[in-house]
Amino acid sequence: QKTAYEIVDCDWSSDVCSSDLETGSGVVGMRAAVFGSGFMGRVHTEALRRLGNVEVVHVSSRDPKAVADAMADRSITAVHICTPNASHYALSKAALEAGKHVMCEKPLTTSVAQAAELVELAKAKGLCNATCHNLRYYPMVQHMRRLREAGEFGEILIAQGTYSQDWRSEEHTSELQ
């Protein structure tokens, strides 16, 4: 049966292959849909690709049939929402109602009431409903936090920082285009 979304050809760097994912032969793996093909959609796709055990499905959030097909596809267990902010709530709610885990770019929604509704829905369904704030978990950020909490920097009057993202390095740029 033909669906309205496209399966991305992933580079499997481990012993996992798509047939293992589909047949459930004991290999841990999953299918995740990425809504949004802009900058952040490509970032999420690259991050999932690097995991080595996730089959990525791209979905056009502007095509209602593609969205409905992805939400009805029981083999897709998680969705990554990388679309304009105004669409986060509707896509997240549809995914949670379809029994899928949600990883949504910030902001989760454009109102506190909508965010609270999604939190309760995820809790009731036993699903993950996450928003990307990943920098705080980077090892260097954690190290800096421990140093600050230990008083190693003295009194902090101002702070400024930058970081590099290796997925934008020359080595990986051609893979994203």
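As the structure is a computational prediction, the values presented were derived from the model and not from experiment. FYI, side chains are in, hydrogens and waters are out, and symmetry mates aren't considered; it's all heavy atoms of this structure.
- Between atom CG of residue L127 and atom CG of residue L118 there is a gap of 11.5 Å, rounded to the nearest 0.5 Å.
- Linking Ile, Leu, Val, Met, Phe, Trp and Tyr whenever their side-chain heavy atoms come within less than 4.5 Å leaves L108 and V112 in two separate clusters.
- Rounding to the nearest 0.5 Å places NZ of K106 at 6.5 Å from CE of M40.
- Between E105 and H44, some side-chain heavy-atom pair lies under the 4.5 Å cut-off.
- Atom-to-atom distance recorded for K100:NZ and K125:NZ is 11.0 Å, nearest 0.5 angstrom.
- Taking every heavy atom of both residues into account, F35 and V59 meet most closely at CE2-CG1, 3.3 Å.
- Residues A32 and L48 approach most closely at CB-CD1, 4.2 Å, considering heavy atoms.
- Here C82 contributes atom SG and L91 contributes atom CG; the two are 10.5 Å apart, rounded to the nearest 0.5 Å.
- Counted within 6.0 Å of CE on M71, heavy atoms from surrounding residues, nucleotides or ligands total more than 12; the atom is thus considered enclosed.
- Checking Q114 against H88 by side-chain atom types alone, no donor-acceptor pair falls below 3.5 Å.
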Assess the residue pair R42 and E46 against the criterion (salt bridge (charged side-chain N to carboxylate O under 4.0 Å, His left out)); give the C-alpha distance rounded to whole Å, side-chain angles, the decisive distance to 0.1 Å, and a yes or no.
CA-CA 6 Å; R42 292 189 307 271; E46 175 63 12; over 6 Å; no
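- I76 and A70 make their closest contact through CD1-O, 3.9 Å (heavy atoms, listed as atom of the first residue, atom of the second, distance).
- Here the shortest heavy-atom pairing between V102 and A95 reads CG2-CB, 3.7 Å.
- Between T45 and H58, the side chains place a donor N or O and an acceptor N or O closer than 3.5 Å (distance only, hydrogens not considered).
- The shortest side-chain heavy-atom distance between N129 and L96 falls under the 4.5 Å cut-off.
- Residues R145 and E149 are paired through a salt bridge, judged by an N-O separation under 4.0 Å between the basic side chain and the carboxylate.
- Taking the side chain as every heavy atom from C-beta outward, T109 and S92 never approach each other to under 4.5 Å.
- The distance from atom NE2 of H101 to atom NE2 of H80, rounded to the nearest 0.5 Å, is 10.5 Å.
- No continuous path of ILVMFWY side-chain contacts below 4.5 Å connects Y89 to M103, so the two sit in separate hydrophobic clusters.
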